[in-house]
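Start at 1 with the first residue, then count along the sequence.
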Amino acid sequence: MVYVIGPCAASTSDCDQLQRIRAYGIQPHCVDGIKVTGLARTVIDCACVVDPCGAVAVLDSAIRKGLTKQELYAECNRQHTDCAAVFHLLPHADQRSENGGDTPEVQLYWGSA
């Protein structure tokens, strides 16, 4: 699946592997010549579309790279997006985890603890 964020809605000419996230006022960042969303926005979008284990892995990694929980909460408050997944999973994020399966709460969720 490829996710694209922008003001345009889905089109009948879109292929099945394209998922559009409709949003306005996104400030793009340029990485190697490609426009991408900022780290906080990317983490929020991932948390809203992937399974809880994958979302916690993304949150763990972003926090390990220096993104703070306060910055994520602030980005959620700036958006007109449902951030329920972020609010639910963020307390379980731990920068010491190497992957989503390392987080004790996720192990309990999957029944492997």
Side-chain angles (χ1 to χ4, degrees):
M1 186 66 69
V2 175
Y3 293 92
V4 176
I5 191 166
C8 298
S11 168
T12 56
S13 64
D14 287 349
C15 67
D16 292 339
Q17 292 80 21
L18 179 65
Q19 176 68 44
R20 293 185 185 269
I21 300 171
R22 194 168 188 181
Y24 299 93
I26 301 298
Q27 294 297 322
H29 296 255
C30 201
V31 176
D32 294 333
I34 300 171
K35 290 181 181 180
V36 298
T37 55
L39 183 58
R41 175 66 198 222
T42 301
V43 168
I44 291 166
D45 290 336
C46 288
C48 293
V49 298
V50 301
D51 64 85
C53 186
V56 169
V58 170
L59 289 163
D60 290 345
S61 178
I63 292 170
R64 191 169 39 255
K65 291 187 180 292
L67 188 66
T68 67
K69 292 181 180 184
Q70 292 77 18
E71 289 171 316
L72 281 168
Y73 285 128
E75 183 66 22
C76 281
N77 289 331
R78 276 193 293 277
Q79 295 184 30
H80 294 86
T81 303
D82 181 7
C83 289
V86 177
F87 295 138
H88 178 72
L89 296 171
L90 194 53
H92 306 293
D94 184 345
Q95 70 272 14
R96 298 170 295 173
S97 298
E98 291 186 23
N99 61 62
D102 283 351
T103 304
E105 289 81 0
V106 173
Q107 290 177 3
L108 286 172
Y109 176 85
W110 291 110
S112 60

Subject >> Point-to-point distance, once rounded to the nearest 0.5 Å, from CZ of Phe87 to CD1 of Ile44 >> reply: 8.0 Å
**OP:** Work out which heavy atom in Ala47 is nearest to a heavy atom in Ala85; give both atom names and the distance.
**Re:** O-CB, 3.4 Å
**OP:** Following the transitive rule for hydrophobic clusters with a side-chain heavy-atom cut-off under 4.5 Å over Ile, Leu, Val, Met, Phe, Trp and Tyr, establish whether Val36 and Leu39 coincide in one cluster.
**Re:** no
Subject >> Heavy-atom pair of closest approach, residues Cys46 and Val58 >> reply: CB-CG1, 4.0 Å
**OP:** Side-chain contact test, heavy atoms from C-beta onward, threshold under 4.5 Å: evaluate it for Pro52 versus Leu89 and give yes or no.
**Re:** yes
**OP:** Kindly write out the residues that satisfy side-chain contact (heavy atoms from CB on, under 4.5 Å) with Cys15, not counting sequence neighbours, or none if the list is empty.
**Re:** Gln17, Leu18
**OP:** Please round to the nearest 0.5 Å and tell me the distance separating atom OG1 of Thr37 and atom CD of Glu75.
**Re:** 9.0 Å
Original post:
Can you tell me how far CG of Leu90 sits from CD1 of Ile63, rounded to the nearest 0.5 angstrom?
Top reply: 5.5 Å
**OP:** Please step through salt bridge (charged side-chain N to carboxylate O under 4.0 Å, His left out) for the pair Asp45 and Arg41, ending with a clear verdict.
**Re:** CA-CA 6 Å; Asp45 290 336; Arg41 175 66 198 222; 3.0 Å; yes
**OP:** First locate atom CG of Leu72, then atom SG of Cys83, and finally report the distance between them rounded to the nearest 0.5 Å.
**Re:** 9.0 Å
Original post:
With side chains defined as the heavy atoms from C-beta onward, is the minimum distance between Leu59 and Leu67 less than 4.5 Å?
Top reply: no
Subject >> His88 to His92 - nearest heavy-atom pair and separation >> reply: O-CD2, 3.4 Å
Subject >> Heavy-atom pair of closest approach, residues Asp82 and Cys48 >> reply: O-SG, 3.4 Å
Original post:
Is the backbone of Gly38 close enough, under 3.5 Å, to the side chain of Thr42 for a donor and an acceptor to pair up by distance?
Top reply: yes
Original post:
Looking at NZ of Lys35 and NE2 of His29, how far apart are the two atoms once the value is rounded to the nearest 0.5 Å?
Top reply: 12.5 Å
